[in-house]
Amino acid sequence: MALSILSRVRGGAVLRLCRLSLARGLQFWLLLLVAAVPTRAESPNDSTRAVTALRVDQPPQIDGHLSEPDWQKAEVAGDFFRAQQNRGMPARLRTEAFVLYDAVAIYVGFRCWEPDMTGLRETLTRRDTRIWDDDAVEVVLDTYHDDRNAYIFGINTLATQMDQRISNESSFTFAWDASWEAEVQKYTDHWTAEFAIPLAELQYDEEGTTWGVNFWRAHPIDQESYSWSDTGGDFGRISEFGELRGLQLTTVTTETVRLAFLPYASYRALEDRPDDGDAGIDLIYQPSASLIGNLTVFPDFSQLESDPTRINVNDERELSLPERRPFFRDGAELFDLPLRLFYTRRVQEIDLGVKGTGKVGGYTWAAVNTYGKLIDRYDGNAKRRANLVNLRLNRDIGERTVIGAMAVHKHQSDRDVGLLSLNSRLGLGRDWTATSQFVGNSTGSSPHYAYHVSTEWRNQSGLSGFVELEEIRDGFRPNETGLEDEAYRRARGAFTFLNEYSEGSTLNALVLRGRVFRQTDETGRLREQYAQAEGSFDVGRFDFYSLARVGQLREAGRLWNTRFTGADLEYTSTWGFVGIYNQIGSRQGIFNWFVSLDANANLFSRLTISLAAHRFDWRDRRETLVMRTTTNYQFTRHVGLRLFHERVIEQTDGTTKDNFNTVFDYEFTPESHFFLVFVRDRDRTKAAFSKIAYLFGGI
């Protein structure tokens, strides 16, 4: 149905959009192409590290021990560097990594020496959290060896897993999930980790024998990280990764092809409303190692895999949440642009969706076609039936440069909307990049445009900065498909000095930063401007941060003078952290005060408790107290219970509102779950929800 509707879409909007882009974007595109020519700074690095993967006949047992003979035969990736601005400093603690592979998977082993095994920081038990805040190891795989894009797999010493994708050395996404195994073992003077990453979970060049690779170790109790490649503390600097050599993957290609089905069923019971149920299915087809296709029919939109404090089971309108739904998961990082043009959370109640993603040569692409109900921002947020088509293409040039384009078309019964975007990320040197985006928009007979231009740089002396200019012209109407912002022109920038001290120093790091910001509306009238100074330093387990800001802010038609200063003190330990933040200021002479207390603790390696209390005091106007408690108990790696409670007390008028939810989650695999949920929101509406989704045909 969606494809037949697409064939009848009127072409006038797209033609007008093309004329607009040619007229207003010609100089932009020519400059982009000229600037994209590789510079001498992008020449290959002669000092690139390399490790050879060992082909094995029998897979190792993933128990974390590294006891099989093949691990002893594998080539060692050692001599890690301390990850910091000043390159070339050897890591204080010894770390080694090893790589095996067979026709099914890539196997990675880590051996991490630790003189104080009682000092490991172990606080996180939920999958896909910031495990680098704990003692953890990660492997980053650039499977196309294109120096831009990579997969991240990590595990902390509690065996909590995390996976991500990086796009263009700059965009990180938790939306991507894979089914892979990992285990950890602890000894008296070191700990080990063992990964098994199925090849079917990756996209790669079957003919390639070399991938980019880096190994990373976080040691947060000393506020240190170690990197096998000397990337200057930049985790995402894929162009400076080492090489994983010796891969012979043409013989395993047929074994990585898969056809998988992901059906789901859910049931929702709402107070004072009829109960309802939903069901649907996703089809995932991977015909080759470089291509993935998706088909969805009545997909799942319950959003339970997102932040548990914002569960949406009793509201017809979706919340603004990270995208975690299977249909949109692969290739989600391609749509992460400075001006967001395709907010997939707005695509609701799909009857049918088709998607493909892949990479051919230097071209990375994604195509999405959906038919169903979408939120219409120009019709009272009503859900309107529409056909939405999104085409995305990136082209790699040189070592670090990417240029791309994206076309979006939405067809409804009463109008067509078209967007055409040209974008670039230019590697102008080892430590200098420039990003740009030009967007033409056509609604009805009126074309409009928006643009973003920015540049950032850093050097080994600890200096870095960025400058950004962005504008959305009046009438652009970006809300049709993605953006929420109304017309504005915005300029901002920052300059930072970072000094990291040698091991054994009392002071770990010192950061000084200055920021400026100015934004006007479509008439040129000032919305907000400010100048801000910041400073922070780390001493042992204590972090101190302070800031001061002066500026102007327009609210309720008035331009207010604003001034405030704030300070934050945080203590980090093996069991969690405690932090307190204070901010005191004035707005047109009216005093205001904000204070926040946050604490997090892990008990018995299974129970994590987070507490937060925030107080807002607007003298003679409003006093608000917010208290939150989040508890997660992990019965096993696959079974967990989450409880969240929030109380908001408006002390000015004496009102109190509570928000409570509890989620029981049984995770068969990262894509297969069983959920039981109970919610009571601030309006005292109660809801219960259950859902099961199971992937058939996965690894």
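Keep in mind that this is a model prediction, so the values were computed, not measured.
- With sequence neighbours left out, the side-chain contact (heavy atoms from CB on, under 4.5 Å) criterion links Phe172 to Ile152, Gln164, Ile166, Phe235.
- Under 3.5 Å, the side chains of Asp521 and Thr523 contain a donor-acceptor pair of N or O atoms.
- In the model, Arg392 has a side-chain atom that pairs as donor or acceptor with a side-chain atom of Asn423 under 3.5 Å.
- Across every non-hydrogen atom of Leu463 and Trp457, the tightest pair is O-CZ3, 3.6 Å.
- Side-chain atoms of Gln552 and Gln529 form a donor-acceptor pair, as typed in the model, at a separation below 3.5 Å.
- In this structure the side chain of Asn394 never reaches within 4.5 angstrom of the side chain of Lys359, judged on heavy atoms.
- Closest approach of Ser167 to Asn149, counting heavy atoms only: CA-OD1, 3.3 Å.
- If you check the side chains of Asn508 and Asp538, you find no donor sitting under 3.5 Å from an acceptor.
- With ring centers used as reference points, Tyr151 lies under 6.0 Å from Trp176.
- The closest side-chain heavy-atom distance from Leu547 to Gln532 is below 4.5 Å.
- Between Tyr501 and Leu510 the shortest side-chain heavy-atom distance falls below 4.5 Å.
- In the model, Gln223 has a side-chain atom that pairs as donor or acceptor with a side-chain atom of Asp543 under 3.5 Å.
- Side-chain atoms of Thr520 and Arg489 include no donor-acceptor pair closer than 3.5 Å.
- Using a 3.5 Å distance cut-off with no hydrogens or angles, the side chains of Thr157 and Asp135 do not pair a donor with an acceptor.
- Closest non-hydrogen pair, Arg126 versus Thr129, comes out as O-OG1, 2.7 Å.
- Inter-residue side-chain proximity for Leu337 and Leu339 is flagged as unmet; no heavy-atom pair is nearer than 4.5 Å.
- The aromatic rings of Trp575 and Tyr571 are tilted relative to each other, their planes meeting at an angle between 30° and 60°.
- Side chains of His219 and Asp222: a donor on one and an acceptor on the other come within 3.5 Å.
- Glu169 and Ser239 share a side-chain donor-acceptor pair at under 3.5 Å.
- The shortest distance between side-chain heavy atoms of Arg82 and Pro90 does not fall below 4.5 Å.
- Summarising the geometry of Thr48 relative to Gly242, their closest heavy-atom pair is CG2-CA, 4.0 Å, with the distance given to 0.1 Å.
- Classification of the Tyr449-Tyr451 ring pair by plane angle, with boundaries at 30° and 60°, yields parallel.
- Side-chain contact check for Arg49 versus Asp79: some heavy-atom pair is nearer than 4.5 Å.
- Between Asn214 and Ser227, the side chains place a donor N or O and an acceptor N or O closer than 3.5 Å (distance only, hydrogens not considered).
- Between Arg513 and Thr496, the side chains place a donor N or O and an acceptor N or O closer than 3.5 Å (distance only, hydrogens not considered).
- Partners of Tyr363 under the ring-ring contact (aromatic ring centres under 6.0 Å, His included) rule, at least two apart in sequence or in another chain, do not exist in this structure.
- Other residues, nucleotides and ligands place more than 12 heavy atoms under 6.0 Å from the CH2 atom of Trp365.
- For the atom pair CD (Gln84) and CE (Met89), the distance works out to 4.5 Å, reported to the nearest 0.5 Å.
- Here the two rings, on Tyr530 and Trp560, have centers that are 6.0 Å apart or farther.
- Side-chain contact, Asp598 with Ser596: a donor N or O sits under 3.5 Å from an acceptor N or O.
- The minimum heavy-atom distance between Ile238 and Asp147, with the atom names listed, is CG2-C, 3.7 Å.
- Within the 4.5 Å cutoff, side-chain heavy atoms of Asn390 are placed close to those of Phe335.
- Side-chain contact check for Thr574 versus Ile221: some heavy-atom pair is nearer than 4.5 Å.
- Using a cutoff of 4.0 Å between basic side-chain nitrogens and carboxylate oxygens, Glu240 and Arg430 are scored as salt-bridged.
- Phe537 pairs with exactly one of Phe542, Phe497, Tyr545, Phe544 by the ring pair (Phe, Tyr, Trp, His ring centres under 6.0 Å) rule, that one being Phe544.
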